[in-house]
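Residue numbers start from 1 in every chain, and the chains themselves are labelled A, B, ... in the order their sequence lines are given, proteins ahead of strands.
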2 protein chains.
Amino acid sequence: MPSQIQQEFVLHFGEMGSRWGINRTVGQIYALLFLSERPLCADDIVEALRFSRSNVSMGLKELQAWNLVRLRHLPDDRRDFFTTPDDMWAIVRTLIAERKKREIDPTLTKLRELEMQSPEGSDDYALNRMGELREMIEAMTGFYDEMNKLETERLVALLKMGSKLTKIAGTAGRVLPLRKSKG
Amino acid sequence: MPSQIQQEFVLHFGEMGSRWGINRTVGQIYALLFLSERPLCADDIVEALRFSRSNVSMGLKELQAWNLVRLRHLPDDRRDFFTTPDDMWAIVRTLIAERKKREIDPTLTKLRELEMQSPEGSDDYALNRMGELREMIEAMTGFYDEMNKLETERLVALLKMGSKLTKIAGTAGRVLPLRKSKG
DNA sequence: CGCGCGTTTCAGAAATTTCTGAAATTAAAG
DNA sequence: CTTTAATTTCAGAAATTTCTGAAACGCGCG
């Protein structure tokens with residue numbers, strides 16, 4: 001049933017899965033749902049991908065933990081059906097939020113913890129280095145938070161601004177544009 | 001030799017390593033180098049972390065593949081010494097560039113391939129979905145490219161602009177700010 | 001209750017990834 | 001050319017992760 005093209009896409013997502021912090025199975029299941037116009041139930045997925053029923057169940061559970069799929073019910077049918085959101089930007093927002101939660105927030109928390117409990121005076125270099133790292137993460141996540149507040153329409157407009165943005169950055173901190181000094 | 005604080009930081013990076021697409025060993029080695037004021041050679045790392053010499057060698061090789069460490073030589077010493085760059089923003093730029101290369105570029109390439117080779121007419125929904133995904137990735141990577149062109153000083157200024165940026169976004173596509181229509 | 005139908009859990013099997021010690025390699029110095 | 005000090009490679013061991021079938025579970029219905 002799935003076309004050649006769909007099949008390749010699904011396999012690609014499977015291969016990339018490990019680089020994205022999910023596994024092959026989960027990547028393939030997600031890809032299949034992503035391309036499917038109608039909601040799929042677990043057995044549809046078993047049939048399409050030839051994984052064991054329990055593996056599919058685990059995979060779906062993980063996708064739900066990532067908030068990447070929605071559970072749906074059809075009238076007069078007890079089975080669970082799943083879809084991915086139609087809105088691509090909603091998908092990417094979720095993805096980024098979840099990755100931040102898993103990959104960045106724990107480190108930020110840990111850095112703050114360590115800085116708090118650090119015995120005064122000692123360990124100067126390392127402590128300073130951690131502080132710089134923390135500040136950098138705070139700057140980036142602060143920026144992310146701002147962007148993420150925007151409605152999609154505005155967010156897309158901002159992303160598409162391109163070089164206009166770099167001009168604004170030139171005037172951000174100083175009145176005159178920054179220049180290479182000639183000596 | 002490493003303080004309690006350093007030790008905890010190193011262990012944390014080890015644990016996070018798997019979420020970041022490197023492994024525990026590599027995460028710990030990186031953390032150790034990151035906190036170290038002076039360059040370290042492989043045997044320093046073996047001593048600090050108690051990994052086998054060959055494991056350290058592999059780990060350093062992987063960090064070099066990621067461009068995350070610099071190889072240094074001290075006068076009258078044939079050993080290889082390693083450091084991380086002093087500049088935190090240089091580090092994060094490298095990290096993002098490498099992750100993009102591994103996690104995003106291959107998918108963008110694959111999507112373009114599949115769209116090219118797609119037989120005309122058929123497979124409407126899936127093809128459209130892939131097209132939307134590709135466009136979204138292109139918008140995001142285009143924005144990233146713009147940001148990445150900025151000198152660090154300007155980049156930091158831009159990140160710190162905070163809510164000013166969202167105001168600009170409001171005027172980007174339209175003359176008047178976007179409003180909820182009342183009916 | 002007990003049946004039917006679907007989902008989830010779980011212990012062990014299979015696969016994959018990571019780690020090690022021994023051997024090979026490289027390169028400066030004598 | 002040989003010695004010596006270092007790094008790298010590699011095949012197998014160890015550890016971890018993923019996958020499976022079987023059993024347990026949940027729940028609406030007669």
Could you check how far [atom1] of [X] sits from [atom2] of [N], rounded to whole Å?
| X | N | atom1 | atom2 | result |
| --- | --- | --- | --- | --- |
| Q64(A) | dT7(C) | CD | C1' | 11 Å |
| D80(B) | dT26(C) | CG | P | 15 Å |
| D77(A) | dC27(D) | CG | C1' | 15 Å |
| L60(A) | dT8(C) | CG | C1' | 12 Å |
| L49(A) | dT20(D) | CG | C1' | 16 Å |
| N55(B) | dA15(D) | CG | C1' | 12 Å |
| L40(A) | dT7(C) | CG | P | 13 Å |
| F51(A) | dT18(D) | CZ | P | 13 Å |

Indicate whether OP1 or OP2 belonging to [N] is found under 4.0 Å from a side-chain N or O atom of [X].
| X | N | value |
| --- | --- | --- |
| S57(B) | dT7(D) | no |
| N23(B) | dA15(D) | no |
| S54(B) | dG21(C) | no |
| R53(A) | dT20(D) | no |
| K61(B) | dT9(D) | yes |

| query | Between L40(A), L32(A), L60(A), which is the residue that forms a side chain to side chain contact (heavy atoms under 4.5 Å, CB included) with F82(A)? | reply |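 Of L40(A), L32(A), L60(A), side chain to side chain contact (heavy atoms under 4.5 Å, CB included) with F82(A) is met by L60(A) alone.
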**Study point:** Base of dA5(D) paired with side chain of R78(B) (donor-acceptor, under 3.5 Å)
**Key:**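 Pair found.
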Run through K100(A), K101(A), R99(A) and flag the one making a salt bridge (Lys or Arg N to Asp or Glu O under 4.0 Å) with E103(A).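 It is R99(A), the one option of K100(A), K101(A), R99(A) that forms the salt bridge (Lys or Arg N to Asp or Glu O under 4.0 Å) with E103(A).
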### Message
Assess, by modelled atom type and distance only, whether the side chains of R129(B) and T84(A) contain a donor and an acceptor separated by less than 3.5 Å.
### Response
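Yes, side-chain donor-acceptor contact under 3.5 Å.
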request  = Please tell me if the side chains of I5(B) and P119(A) come closer than 4.5 Å, counting only heavy atoms from C-beta onward.
outcome  =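 Result yes, sub-4.5 Å side-chain heavy-atom pair found.
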If you assign each of R79(A) and R24(A) to its closest nucleotide in DNA chain C, which residue comes earlier from the 5' end?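 Residue closer to the 5' terminus by nearest nucleotide: R79(A).
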inquiry  = Taking side chain to side chain donor-acceptor pair (under 3.5 Å) as the criterion, tell me which of H12(A), E8(A), E15(A) meets it with K110(B).
reply    =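 Among H12(A), E8(A), E15(A), the one meeting side chain to side chain donor-acceptor pair (under 3.5 Å) with K110(B) is E8(A).
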